[in-house]
Amino acid sequence: MLYKDTVILPRTAFPMRANLVQKEADILKNWADTGLYNLIQENRANAPEYIFHDGPPYANEHAHLGTAFNRVLKDMVIRYKILAGYKVHFIPGWDCHGMPIEHAVIKKKGAKSFSTKNQLRQECKKYAEESVDIQRQEFKRLGTFADWDNPYITMSKEYEAKVLEVFKIMVSKGYIYRAKRPVHWCTKCRTALAEAELDYKDFTSPSVYVKFKILSMPDTYILIWTTTPWTLPANVACAINSGFKYNFVKTEKETLIMADSLLPTVVEKLKIKDYKVEKTVLGKELGGIEYKHPFLDRTGKIILSSFVTSESGTGCVHIAPGHGYEDYLASITYNLPILSPVDEKGCFTEEVPELQGKNIFDADKDIIEILTNNGTLMYKEDFQHSYPHCWRCKTPLIFRATPQWFLNMEHNNLRTRCVEEIEKVKWMPEWSKKRIANNIMQRPDWCLSRQRSWGIPIPALYCKACGEAILTTEIIEKAIGLVKINGTDIWFDENTKIDAVCPKCGNKEFKKEEDIFDVWIDSSSSYYAVVKEKLKFPANLYCEAVDQHRCWFQHSLILSMVTEEQSCFKAVLTHGLILDKEGKKMSKSQGNVVQPMEVIKKYGADIVRLYLSGLDYTCDIMFSTDGLETATTAYRKIRNTFKFLLGNLYDYKKALSYEKLWEVDKLMLHKLAVLIENVTKAYEEFEFYKVYHLIHNYCVMELSQFYFDTLKDRLYTHGKSSISRQSAQTVLSETLSALARLIAPILPFTSEEVWGYFNTGSIHLEKLPVVKEEWKNEKLANEYELISEIRDEVLLALEQARANKIIGSGLEATVIIDSKDEKVLSLLRDKMALLPSIFIVSEVIVDRVENMVTFKKLDIKVSLCEYNKCERCWIREKEVGKNNEHPTLCVKCSKVIKEEDYEKEIEKKEPVEG
RNA sequence: GGGCCUGUAGCUCAUUCGGUUAGAGCACUCGGUUGAUAACCGAGAGGUGAGUGGUUCGAUUCCACUCAGGCCCA
């Protein structure tokens with residue numbers, strides 16, 4: 001008789017090997033075919049809303065690993081919120097304007113191939129559109145959930161018009177002003193350059209030491225050092241560090257002021273032999289002192305600035321706010337004039353009559369001559385240093401102050417209101433509040449204008465008669481009307497005319513502003529163009545990387561405070577950046593860049609997602625292949641857990657009521673309840689790595705190592721329809737149902753695959769598992785806490801017996817246990833009948849015998865069980881061999897065979913050959 | 001140079017107010033099983049808690065500095 005065939009082994013088509021790459025593609029197709037996104041929206045039509053607003057990634061070719069991580073993180077939030085019963089309408093976005101795209105297009109096609117702005121803009125648009133499509137495919141492949149067919153695109157005319165509306169409100173409320181600011185300028189291309197367009201190369205500049213006469217002190221000079229003599233005509237101040245010590249150095253002729261720490265190098269260079277330090281003062285004591293300009297008829301004053309270093313020079317820095325960024329910042333603090341007597345070709349203007357028309361680099365030697373003649377030049381040499389050049393024409397660049405549009409951070413107490421509003425927002429992690437508050441407090445006024453082509457034009461006009469810059473809500477209104485229909489290209493079309501009257505001279509002819517907006521205006525207006533327009537203002541959550549504290553988070557907050565007088569987000573979740581496995585930044589030059597799609601192609605999205613979910617993203621994330629391998633192992637464990645569950649539920653009919661369940665099964669429902677509660681709590685806090693560890697540990701420790709192992713005998717050998725087997729199946733079913741849903745936000749593909757073998761419909765239409773009150777059983781849990789400790793000791797004893805060749809399999813063992821602890825002893829006696837299945841041995845006897853090994857709680861003796869092995873369930877039992885009908889079976893098995901009427905089934909089966 | 005963050009086993013994470021021998025899982029080694037089988041079970045080994053100093057009866061935990069790394073600003 002083939003008793004083996006009466007054993008009910010797991011049966012499922014759910015494959016052990018995932019073959020994720022193929023499987024995920026199938027599931028994606030299925031989601032697309034069934035229109036899952038819309039099904040979910042319908043399903044949650046009347047549910048409370050959760051507004052999660054997507055920060056638009058930059059539409060620049062393939063998605064980076066950091067972007068991929070950001071998408072996955074957002075997706076886990078979205079999928080969790082949907083699971084938790086919310087309606088989440090997630091509109092993805094793309095940031096499409098800006099310098100990097102313009103840069104890439106010019107690089108690809110060459111600057112000469114575009115004769116008009118709009119030709120260049122068309123090419124940029126094409127580039128951005130292609131990038132959006134590439135990234136959309138990649139984001140879909142990651143299994144991320146969104147309204148991919150209806151994204152917001154910052155270069156769409158609707159969006160552009162909305163940005164202009166935001167600007168109109170800024171103007172109408174009086175936040176916008178126009179002022180000069182130094183920018184990197186190419187004198188050959190006659191254009192401003194962005195940071196990314198700078199090409200640093202070695203360059204030789206004249207290095208000069210110049211003395212400025214202090215007005216209030218006879219024969220006393222402050223000594224400065226500069227490598228750009230041509231900026232001296234724009235000098236308005238001299239900066240020193242308030243914390244440094246400054247010496248008054250008396251030489252034969254005069255007294256020179258310089259930093260104490262730089263004295264030795266300076267006197268050596270200037271070949272000053274006889275000198276004496278007359279006195280030493282702290283920098284802050286010199287603040288406000290006036291000096292005479294070395295060759296122009298005006299004065300400047302000494303100011304205090306923290307950027308002055310003691311690395312080179314004299315510790316006294318010549319300040320020309322029109323020709324340096326730090327100088328410019330200092331000019332704001334000290335309210336200094338911003339002189340920039342240089343035209344767009346790099347020649348001096350009439351503001352410097354002596355040098356008018358002269359190229360500034362050529363003028364260096366003229367200025368040196370003037371300084372030499374009037375005796376203010378102390379020393380001169382050539383100085384080689386790394387200097388920015390134009391990326392296109394390789395000309396050395398200059399800083400030149402040009403008029404720009406600004407947002408005034410102090411208007412209507414904007415800065416203070418932002419800082420106060422920050423307090424009302426929930427920042428996760430908490431330190432991010434401090435970070436953004438610092439940023440807002442320290443930031444200068446926002447320079448809104450860029451001298452570029454690919455962006456939204458600033459709708460200002462210049463009077464052709466008097467040159468007056470005109471920016472009014474009426475003009476913006478007209479621009480919005482045009483843009484809504486035509487997009488912003490219309491602004492750059494020379495045929496487009498805006499009707500207006502110059503308020504200064506009454507003229508009606510205008511030149512349109514050529515500058516565009518800083519791209520951060522585009523993306524940071526999304527609260528207005530998307531949240532307010534299509535969702536519900538304000539958003540519940542923004543979630544981006546840590547660098548966005550200075551960018552999107554900050555700028556969105558500022559704009560929202562201007563237009564809505566409140567924050568556009570209630571909570572902000574920040575994550576770290578993705579670094580390589582050594583914690584180094586990924587960069588092409590280092591060769592340590594990981595392409596997300598290559599990883600997906602190799603491992604599948606679910607494994608990548610599982611890996612990412614397990615990382616603590618509140619700090620920087622080190623991405624390693626080792627980690628992916630670990631995640632693969634963890635994935636297999638989770639997958640096999642599902643396979644075991646499915647395999648033992650193929651014949652499951654219906655749940656047993658709680659009272660009828662076996663004790664161990666009740667225990668497992670308690671543990672499942674605790675798991676559900678803990679996982680839900682972790683999800684609520686967006687602590688996905690806790691979710692991962694909780695679920696993985698549950699699969700490994702509670703299920704695989706304990707429950708499943710002890711359950712095998714019951715599932716396989718008890719009667720098909722026995723209460724004991726049904727009891728186990730009831731709990732297995734609850735476990736599968738809960739586990740699949742709990743992991744669904746992390747493993748959207750695998751959970752969907754599992755659900756297909758278990759239930760109907762998509763798992764992503766389901767809701768979080770609910771803990772039934774009756775499942776909670778602290779008393780049982782406490783008892784089993786102790787039993788678990790006891791089990792560990794028994795397993796240790798079995799291992800020793802195995803090492804001593806007393807037993808092989810655990811089922812060969814008879815375990816005799818005793819305890820000196822009354823509590824333990826009474827528990828053992830109480831649970832006597834259950835112990836063999838819990839220890840997975842054939843026999844357990846509570847007794848005291850000789851040669852017991854003492855453990856912490858128990859004394860244990862393991863011996864080879866003297867009974868015969870049941871052919872069917874492999875348990876050794878004293879009745880085996882005594883039953884005439886089934887001489888090789890134990891009592892339990894012969895009873896099962898009889899009651900369940902397996903006889904016919906067995907006879908029907910063909911005998912197996914060999 | 002400034003602001004913010006990070007550093008615990010090879011990997012991913014724990015360690016509640018500072019308190020017994022710093023814990024899990026994976027990976028590794030050894031063993032068992034062959035009825036979850038490219039699976040499953042058990043055991044073992046693995047740590048100067050980045051470093052130095054301080055506060056304390058006691059520090060991985062609190063403080064200072066240093067080192068390594070990240071973001072932003074200069």
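The sequence lines fix the lettering, A, B, ..., with proteins before strands; numbering per chain opens at 1.
- The backbone N or O of A:Ile440 lies less than 3.5 Å from a partner atom in the side chain of A:Arg415, making a donor-acceptor pair.
- Pair check for B:G10 finds B:C26; Watson-Crick or G-U wobble, both atom distances under 3.5 Å.
- Side-chain contact check for A:Tyr328 and A:His323: no donor-acceptor pair (N or O, by modelled atom type) lies under 3.5 Å.
- Looking at which nucleotide of RNA chain B each of A:Gln548 and A:Arg791 is closest to, the 5′-most match is held by A:Arg791.
- Between A:Tyr689 and B:A14 there is a side-chain N or O to OP1 or OP2 distance below 4.0 Å.
- Ring geometry, A:Phe686 versus A:Phe688: the interplanar angle falls from 30° to 60°, so the pair is classed tilted.
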Starting at the 5' end of nucleotides 15-24 of chain B, put B wherever the base has a protein heavy atom under 4.0 Å, S where only the sugar-phosphate does, and a dash everywhere else. ---------S
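- The residue among A:Ala631 and A:Gln442 whose nearest nucleotide of RNA chain B is located toward the 5' end is A:Gln442.
- The ring pair (Phe, Tyr, Trp, His ring centres under 6.0 Å) pairs that include a residue from residues 605-637 of chain A are A:Tyr611-A:Phe623, where partners are two or more places apart or lie in different chains.
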Nucleotide N/O to protein N/O under 3.5 Å, stretch nucleotides 61-69 of chain B:
unit_1	atom_1	unit_2	atom_2	d
B:G69	O2'	A:Gly583	O	2.4

Quick tally for nucleotides 31-38 of chain B: nucleotides whose base has a protein heavy atom under 4.0 Å get B, sugar-phosphate-only ones S, the rest -, giving -SSSBBSB
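- A donor and an acceptor atom sit less than 3.5 Å apart, one in the side chain of A:Arg435 and one in the base of B:C4.
- Base orientation of B:C17: syn (glycosidic angle within 90° of 0).
- OP1 or OP2 of B:C5 lies within a sub-4.0 Å distance of a side-chain N or O belonging to A:Lys434.
- For A:Trp520, the side-chain contact (heavy atoms from CB on, under 4.5 Å) partners are A:Trp446, A:Asp518, A:Ser523, A:Ser524, A:Gln548, A:Cys551, A:Trp552, A:His555, not counting sequence neighbours.
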Which pairs of donor and acceptor atoms, one on a side chain in residues 428-436 of chain A, lie under 3.5 Å apart (sequence neighbours left out)?
unit_1	atom_1	unit_2	atom_2	d
A:Ser432	OG	A:Pro429	O	3.1
A:Lys433	NZ	A:Glu423	OE1	3.2

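- Between the side chain of A:Glu793 and the backbone N or O of A:Leu858, at least one donor-acceptor pair lies under 3.5 Å.
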